Amino acid sequence: MRLATWNVNSIRQRERHVAKWLERVQPDVLFLQEIKCQTPDFPALNFEALGYRAVAVGQKSYNGVAVLARVPFEVTHTALPGLTGDVAEQARYIEIETGGVTLIGIYLPNGNSGGEAGYQGKLDFMTALRLRAEALLAEDRDFAILGDWNVAPTDEDYAKGALSPTDALVRPATRAAYREILWLGLTDAIRALHPTGPVYTFWDYQSAAWQRDSGLRIDHALLSPKLAERLTSAAPDRRERGEEQPSDHVPVVVELA
DNA sequence: ATGTCGGCCTTTGGCCGA
């Protein structure tokens, strides 16, 4: 099973990139983030012509997630269970079941806007996500959580100078919340296979970040224990960052035997 | 490394978010 996640930074700007990428990589399931369109405006029919059923959870202007799959699936949640407050109104979560496995796509709040209240929304999302993972573990479900986590888990996960030490992506409370989820017994697919060194998934549009390889590792796939045993590969597809008019994120692809 | 994007309204330029 080939799973993928990609923050596309507007599906209207990146539809051709996604279509070409699907044809080249042929994932079974692809989660998208930052589609930046309302649900009815998502170009689902164009992806269905390529053999991918598409379901979007959109909103005006910002955020928005979607799933594209060439395998049968059922959408089970379009919002993160248990989450309340302003952040709960935003399109950041989709959960599906396919082949007896639960797959979750997330666009975790960045946390740098809206002051401390905005940052608290990020932490609230992470708490609700941990509780969701705990519930799935208690049910003995096999599951994976893929997406733009907006967390650089360790200092190896961002290039020197690419972030302020006080950025919400690296604040101690952010990292602690990420570890609480990871340490439930989940496996960070990329770090399981590439334990050290830079494995960036994002390069800012500003300051020639791509040319300087000044990147971040903030897109992650976390696997439940039995899925982790099936892990055979996990890597960002850096090639996409060099395309014309790219997203600032590249796809992350995970293979399970 | 505050000369980048994308979306939207305040609408042909300025703002917010990333």
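These figures come from a predicted structure and were not determined experimentally. In what follows, every chain begins at residue 1, and chains take the letters A, B, ... in the order their sequences are listed. The figures that follow rest on heavy atoms only: side chains count, while hydrogens, waters and symmetry mates do not.
Taking atom CZ of residue A/Arg92 and atom P of nucleotide B/dG17, one finds them 12 Å apart after rounding to whole Å. In this structure, A/Asn150 places its CG atom 8 Å from P of B/dA18, rounding to the nearest Å. Atom CZ of A/Phe42 is separated from atom P of B/dG7 by 14 Å (rounded to the nearest Å). Rounded to an integer number of Å, the gap from CG of A/Asp148 to P of B/dA18 is 10 Å. A/Asn9 has its CG atom 10 Å from the C1' atom of B/dT4, to the nearest Å. Atoms CD (A/Gln211) and P (B/dG3) sit 16 Å apart, rounded to a whole Å. Atom P of nucleotide B/dA18 and atom CG of A/Leu163 are separated by 14 Å, given to the nearest angstrom. Protein atom CG of A/Asn7 is 9 Å distant from nucleotide atom C1' of B/dA18, rounded to whole Å.
Of the C1' atoms belonging to B/dT4 and B/dT10, the separation is 22 Å, rounded to the nearest Å. Here, B/dT2 and B/dG7 have their P atoms 24 Å apart, quoted to the whole Å. Comparing B/dG3 with B/dG14, their P atoms are spaced 16 Å from each other, to the whole Å. One P atom belongs to B/dA1, the other to B/dG6, and the distance between them is 25 Å to the nearest Å.
Listed candidates were B/dC9, B/dC5, B/dC16. Nearest to the side chain of A/Lys60 is B/dC9. Checked against B/dT4, B/dG6, B/dC8, the side chain of A/Gln206 finds its nearest nucleotide in B/dT4. The side chain of A/Ser113 has B/dG17 as its nearest neighbour among B/dG17, B/dA1, B/dC5. Closest to the side chain of A/Lys36, out of B/dA18, B/dG17, B/dT2, is B/dG17. Which of B/dC16, B/dT2, B/dA1 sits closest to the side chain of A/Arg212 comes down to B/dA1.
Nucleic acid contact for A/Tyr107: sugar-phosphate only, since backbone atoms but no base atoms lie under 4.0 Å from a heavy atom of the residue. Nucleic acid contact class of A/Gln245 (heavy atoms, under 4.0 Å, all strands): none. A/Arg12 comes within 4.0 angstrom of the backbone, heavy atoms only, and of no base.
Around the CG atom of A/Asp213, the shell of radius 6.0 Å holds more than 12 heavy atoms that belong to other residues, nucleotides or ligands. Within 6.0 Å of the CZ atom in A/Arg212, the count of heavy atoms belonging to other residues, nucleotides or ligands exceeds 12.
At the phosphate of B/dC5, neither OP1 nor OP2 sits under 4.0 Å from any side-chain N or O atom of A/Arg14. The phosphate of B/dT2 has OP1 or OP2 within less than 4.0 Å of a side-chain N or O from A/Ser207.
Ranked by how close their nearest DNA chain B nucleotide is to the 5' end, A/Gly111 and A/Gln13 are led by A/Gln13. When each of A/Asn110 and A/Ile35 is assigned the nucleotide of DNA chain B with its nearest heavy atom, A/Ile35 is the one assigned upstream, toward the 5' end.
Note: A/His77 and A/Tyr93 have perpendicular aromatic rings, judged against thresholds of 30 and 60 degrees for the angle between ring planes. The aromatic rings of A/Phe42 and A/Phe47 sit tilted, their planes meeting at an angle between 30° and 60°.
By the criterion of side-chain heavy atoms lying less than 4.5 angstrom apart, applied directly or through intervening Ile, Leu, Val, Met, Phe, Trp or Tyr residues, A/Leu136 is not grouped with A/Leu223; the two fall into different hydrophobic clusters.
No option in A/Trp6, A/Phe202, A/Trp203 other than A/Phe202 meets the ring-ring contact (aromatic ring centres under 6.0 Å, His included) test with A/His249.
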